[in-house]
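For reference, the structure discussed in these notes is given below.
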There are 2 protein chains.
Amino acid sequence: MDVKTLCLGALTLGDASGYEIKKMFEDGPFSHFHQASFGSIYPALGKLGEAGLVSMREQSQDGRPDKKMYSITESGEVALRRKLGKTPADDRIRSEALVMFFLAEYMQPERLEKVFDGYLKSYHDKLNCMCEPDDSTLPPHRQFTRGLGRAFYQAAIDFMEENRHLLLGEEHSGDAK
Amino acid sequence: MDVKTLCLGALTLGDASGYEIKKMFEDGPFSHFHQASFGSIYPALGKLGEAGLVSMREQSQDGRPDKKMYSITESGEVALRRKLGKTPADDRIRSEALVMFFLAEYMQPERLEKVFDGYLKSYHDKLNCMCEPDDSTLPPHRQFTRGLGRAFYQAAIDFMEENRHLLLGEEHSGDAK
DNA sequence: ACCGGCATGTAACGGGTTACATGATTTT
DNA sequence: AAAATCATGTAACCCGTTACATGCCGGT
């Protein structure tokens, strides 16, 4: 599944600019299962436009630069449906932090602790930005996706907090803070 | 973190061939936080050898092709420690299945159900191949890593089984099997 | 005055996957 | 007899990231 397809998917949520699509991958609904950078999004939107799968209109804004707002077209939806018809590839995860935990013996204890705390915090952040809006107004399949994301992050946070000692040792850490 | 570093990490578990390292990424301990293919592992081992970070000896086997067994050298360990000293990059996840769930409205219900069942099964499989060996003999930081992986998969499985209806509808599914 | 956020784009570079090439042996 | 597992390796290709290039506006 390439960035073109992902952009089509993003545009099913409503018209958006390249910049806004990027944010969907950073903070937004896509953030916990895919990511993409400007360098892939802008060319993708260009190609989708050439192929007639999206349309574009320029929108001037007061106080901010112009936006190029993209909309998915009917043939875009057809193309999206076709892409979604293919068997999904296996999940691909790469977590350098987990590699470090796995190889903890090769790290300095203080560094390990910093990496651990940073990792835990990043999960807290992701969980927070996934809780704000009220779920019950979302269509059920979106509730499912968000719920799964939350379950994911919550389980990881709980485990990490309860098992900190396995990785970092007893550390007379007690409950200082 | 490139495949070279990952190979060094894999070799800290003991000597191994390229083929065996590949399996570590497929089924083994690395499988839930990284993956790599032959096309990246073999060249990586070659380069590591040239750089003196691993050593190699050929091992003939009865009934099977020869193996090239690699060992990490002392300078290899130094290099690994240095690589692990860098700040870890953010986790990078790409899950086509979750994209499909997110865009469920654009999929045929029967296909969606098949994808869902396949995805759930793959998680069951991953969890199973992560439970067999007895944990208590592992060093604590490895218990941590495995435990986190398990917590991860278990939470996802529980959520998916409890919330199947959100994605697939009521389906008069009751408890037929 | 400077930094951060908004906004778009390009080009080079790197890295890994996919596919190809080969071959023996065991299981079905 | 075919398929799967064991075993190694190369080369082309794709795709995406990183870095660069540009510019305006608002807040500190």
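Below, all heavy atoms of this structure are taken into account, side chains as well, without hydrogens, waters or symmetry copies. A note on names: the letters A, B, ... follow the listed sequences, proteins ahead of strands, and every chain is numbered from 1.
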Rounded distance (Å) that lies between atom P of C/dG16 and atom CZ of B/Phe25: 10 Å
So what does B/Glu58 touch, heavy atoms closer than 4.0 Å: a base, only the sugar-phosphate, or nothing? nothing
Mind grabbing the angle between the end helix axes of the helix from C/dA1-D/dT28 to C/dT28-D/dA1? Five pairs an end, 10° rounding. 40°
Measure from NZ on B/Lys47 to C1' on C/dG14 and round the result to the nearest Å. 10 Å
Do B/Thr5 and B/Asp2 have a side chain donor and acceptor closer than 3.5 Å? yes
Under the salt bridge (Lys or Arg N to Asp or Glu O under 4.0 Å) rule, what pairs show up with a residue in residues 16-30 of chain B, not counting sequence neighbours? B/Glu20-B/Lys67, B/Lys22-B/Glu26
Which residues, if any, of residues 75-100 of chain A bring a heavy atom under 4.0 Å of DNA chain D? none
Applied to residues 68-78 of chain B, the salt bridge (Lys or Arg N to Asp or Glu O under 4.0 Å) test, sequence neighbours excluded, yields B/Glu77-B/Arg81
Of all residues at least two apart in sequence or in a different chain, which pass the side-chain hydrogen bond (donor to acceptor under 3.5 Å, both in side chains) check with B/Ser75? B/Thr73
Quick one: is B/Ser40 getting a side-chain N or O under 4.0 Å of the C/dG16 phosphate, OP1 or OP2? no
Other cluster members, B/Val78 - Ile/Leu/Val/Met/Phe/Trp/Tyr, side-chain contacts below 4.5 Å: none
Provide the full list of ring pair (Phe, Tyr, Trp, His ring centres under 6.0 Å) pairs with a residue in residues 70-93 of chain A, sequence neighbours left out, each pair given once. none
With salt bridge (Lys or Arg N to Asp or Glu O under 4.0 Å) as the rule and sequence neighbours excluded, what pairs involving residues 35-61 of chain B come up? B/Asp15-B/Arg57
With sequence neighbours excluded, residues passing ring pair (Phe, Tyr, Trp, His ring centres under 6.0 Å) with A/Phe38: A/Tyr19, A/Tyr42
Contact letters for nucleotides 3-9 of chain D, in which S counts primed atoms plus P, OP1 and OP2 and B counts the base, heavy atoms under 4.0 Å: --SBBBB
Can you pull out every salt bridge (Lys or Arg N to Asp or Glu O under 4.0 Å) where at least one residue sits in residues 94-105 of chain B? Sequence neighbours excluded, please. A/Arg142-B/Glu105
With A/Tyr153 via ring pair (Phe, Tyr, Trp, His ring centres under 6.0 Å) - residues at least two apart: A/Tyr123
How long is the line joining CG of B/Asp2 and P of C/dC13, in whole Å? 19 Å
